[in-house]
Amino acid sequence: MLSESQSIAKLTDFLDENFIEATQKIYNSKGRLVVTGIGKSAIIAQKIVASFNSTGTPSLFLHASEAIHGDLGMIQNEDVIICISKSGNSPEIKVLVPLLKRFGNTLIAITGNMTSFLAKGSDFVLNTTVDAESCPNNLAPTNSTTAQLVMGDALAVCLMEMRDFKPEDFAIYHPGGALGKKLLLRVKDMLEHSLKPMVSPDASIKKVIFEISEKRLGVTAVVENNKVIGIITDGDIRRMLSDRDTFADLTAKDIMTKNPKMTTSSAMVVDALNIMEDFSITQLVVVDESEYKGVLHLHDILKEGIV
């Protein structure tokens, strides 16, 4: 681990005008970014492509060995190409580089050999030289592939900054799973409108208990003229019962909590969750322009896997 981290740290010494110009070339390109490699470098290329695609740079993976058997057809005139190879001298790379240059595309090399066939044939060279591999035989790609990966990440992050790439942009490319829900899910998407507990201020405690039990949210809003003036939770009911022998003379307004914490239906669920955490509560009343919309419960958020 230390060996690989030291190799990565040294990469900063290799950053020069090549990196700046290569990044600018990708940013200004009207085409896509094609990333190619062979062996372990091909696997790194696939990860780099995934990172670019998810951060706003349209990219595709081209396997170096398949390229010379028909897949070169996927390259378009305005595409920028990144070729990854530690040695830069493998047979497949030597065959591929002249073919890539024949189309007139910009070629960016990520290599650990600055005098290699790949480096000499590229427009820009990003140096990922490592002193040695972590492998005890100094053979298996370890430090070198990590260095390639980090260089690809550096390109992706720089391009994100150049594009002023925001979390909401990130959400567009990650609509699925917990991450997508965290970035996209709004309160209105989680409201169950058939479960909209409410009582009037003069409702009896029996009516309050019935409403809380029937709607199964552990809370009811106290609504007057379609405006929420308070809430009553099952905790409020328990505290009332522990303090009194009878509640026949009580109404909803006598035990309600005034000025409850609220959110809007257009709010992000993750922001609503933050409010719950800040105030150690499990429900939020949802109100749009003073109109009561329902209740958001912590358990519903947990079911969505956002936390």
Side-chain angles (χ1 to χ4, degrees), residues 4 7-8 10-11 14-15 18-19 21-23 25-26 29 31-55 57-76 78-135 138-159:
E4 292 205 16
S7 296
I8 294 169
K10 290 181 180 179
L11 290 182
F14 302 147
L15 295 179
N18 275 268
F19 183 88
E21 293 178 19
T23 306
K25 193 72 177 180
I26 298 170
S29 171
R32 306 153 308 168
L33 181 62
V34 179
V35 188
T36 185
I38 192 78
K40 304 296 189 297
S41 295
I43 297 171
I44 297 300
Q46 292 179 66
K47 188 275 175 187
I48 292 174
V49 164
S51 295
F52 278 124
N53 280 327
S54 66
T55 54
T57 300
S59 306
L60 54 90
F61 168 68
L62 172 65
H63 198 284
S65 64
E66 297 298 327
I68 58 178
H69 293 286
D71 282 0
L72 276 175
M74 69 174 61
I75 299 176
Q76 299 176 0
E78 295 182 323
D79 292 345
V80 174
I81 304 169
I82 293 178
C83 186
I84 306 174
S85 173
K86 177 187 176 182
S87 71
N89 286 319
S90 62
E92 296 86 355
I93 297 300
K94 285 188 174 182
V95 172
L96 182 60
V97 168
L99 297 175
L100 296 175
K101 295 300 294 180
R102 184 181 65 187
F103 291 113
N105 298 83
T106 297
L107 179 59
I108 301 168
I110 296 180
T111 182
N113 184 352
M114 299 300 286
T115 62
S116 64
F117 185 85
L118 172 61
K120 291 177 180 178
S122 299
D123 299 292
F124 307 103
V125 184
L126 308 184
N127 189 352
T128 53
T129 299
V130 296
D131 294 334
E133 303 286 5
S134 296
C135 164
N138 193 28
L139 294 174
T142 46
N143 293 26
S144 59
T145 47
T146 302
Q148 294 168 353
L149 185 63
V150 170
M151 189 63 74
D153 287 342
L155 285 171
V157 171
C158 286
L159 288 163

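Numbers here simply count residues along the sequence, with the first being 1. Because the structure is a prediction, the values reported are computed rather than measured.
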Item to complete: Return yes if some donor-acceptor pair links the side-chain N/O of N138 with the main-chain N/O of A132 below 3.5 Å, else return no.
Response: no
Worksheet item: Do the side chain of D123 and the main chain of L107 share a donor and acceptor less than 3.5 angstrom apart?
Response: yes
Worksheet entry | Spacing of T128 atom OG1 and I110 atom CD1 [to the nearest 0.5 Å] | 7.0 Å
Worksheet item: Between N113 and S87, does any side-chain donor sit less than 3.5 Å from a side-chain acceptor?
Response: no
Worksheet item: Which heavy atom in A22 sits nearest to a heavy atom in I108, and how many Å separate them?
Response: CB-CD1, 3.8 Å
Item to complete: Say whether T129 and N127, considering side chains only, have a donor N or O and an acceptor N or O under 3.5 Å apart.
Response: yes
Discussion item. Rounded to the nearest 0.5 Å, what separates atom NZ in K94 from atom CG in L99?
Written reply: 14.5 Å
Item to complete: Would you indicate whether the side-chain heavy atoms of L96 and I38 approach each other to under 4.5 Å?
Response: no
Worksheet entry | Taking every non-hydrogen atom, the tightest pair across T23 and C158 | CG2-CB, 4.0 Å
Expected list for residues 64-71: side-chain donor-acceptor pairs under 3.5 angstrom, two or more places apart:
from	atom 1	to	atom 2	distance (Å)
S65	OG	H63	ND1	2.8

Practice prompt. Specify the closest pair of heavy atoms between A119 and M114, including all atoms of both residues, with the distance to one decimal.
Written response: CB-O, 3.5 Å
Discussion item. Less than 4.5 Å apart, side chain to side chain, heavy atoms only: is that true for I82 and I48?
Written reply: no
Item to complete: Supply the atom-to-atom distance L118 CG to I93 CD1, rounded to the nearest 0.5 angstrom.
Response: 6.0 Å
Worksheet item: Hey, what do you get for CZ (F103) to CG (L72), rounding to the nearest 0.5 Å?
Response: 5.0 Å
Practice prompt. Check for a donor-acceptor pair, side chain of N89 on one end and backbone N or O of F117 on the other, with a separation under 3.5 Å.
Written response: yes
Worksheet item: Quick one: side-chain hydrogen bond (donor to acceptor under 3.5 Å, both in side chains) partners of T106, sequence neighbours excluded?
Response: none
Practice prompt. Return yes if some donor-acceptor pair links the side-chain N/O of S85 with the main-chain N/O of T111 below 3.5 Å, else return no.
Written response: no
Discussion item. Between S29 and K25, is there a side-chain donor-acceptor contact under 3.5 Å, judged purely by atom types and distance?
Written reply: no
Worksheet item: What is the minimum heavy-atom distance between D153 and S51, and which atoms define it?
Response: OD1-OG, 4.0 Å
Worksheet item: Does a side-chain N-to-carboxylate-O contact under 4.0 Å join K10 and D131?
Response: yes
Worksheet item: Do L100 and I75 have side chains that get closer than 4.5 Å, going by heavy atoms?
Response: yes
Discussion item. Using 0.5 Å steps for rounding, measure from the CD1 atom of I43 to the OG1 atom of T145.
Written reply: 9.0 Å
Item to complete: Could you tell me which non-hydrogen atom of R32 sits nearest to which non-hydrogen atom of L60, and how far apart they are?
Response: NH1-CD2, 3.0 Å
Worksheet item: So, S144 versus E133: side-chain donor-acceptor pair below 3.5 Å or not?
Response: yes
Worksheet entry | Minimum-distance pair of heavy atoms, taken over all atoms of V125 and S122 | CG2-CB, 4.4 Å
Worksheet item: Between the main-chain N or O of S134 and the side-chain N or O of T142, is there a donor-acceptor pair closer than 3.5 Å?
Response: yes
Fill in: Nearest-0.5 Å distance, CE of residue M151 to CD1 of residue I8
11.0 Å
Practice prompt. State, with a plain yes or no, whether a side-chain heavy atom of L126 is found less than 4.5 Å away from one of F14.
Written response: no
Discussion item. With a 6.0 Å cut-off (strictly less than), is the heavy-atom count around NZ of K40, excluding the residue itself, greater than 12?
Written reply: no
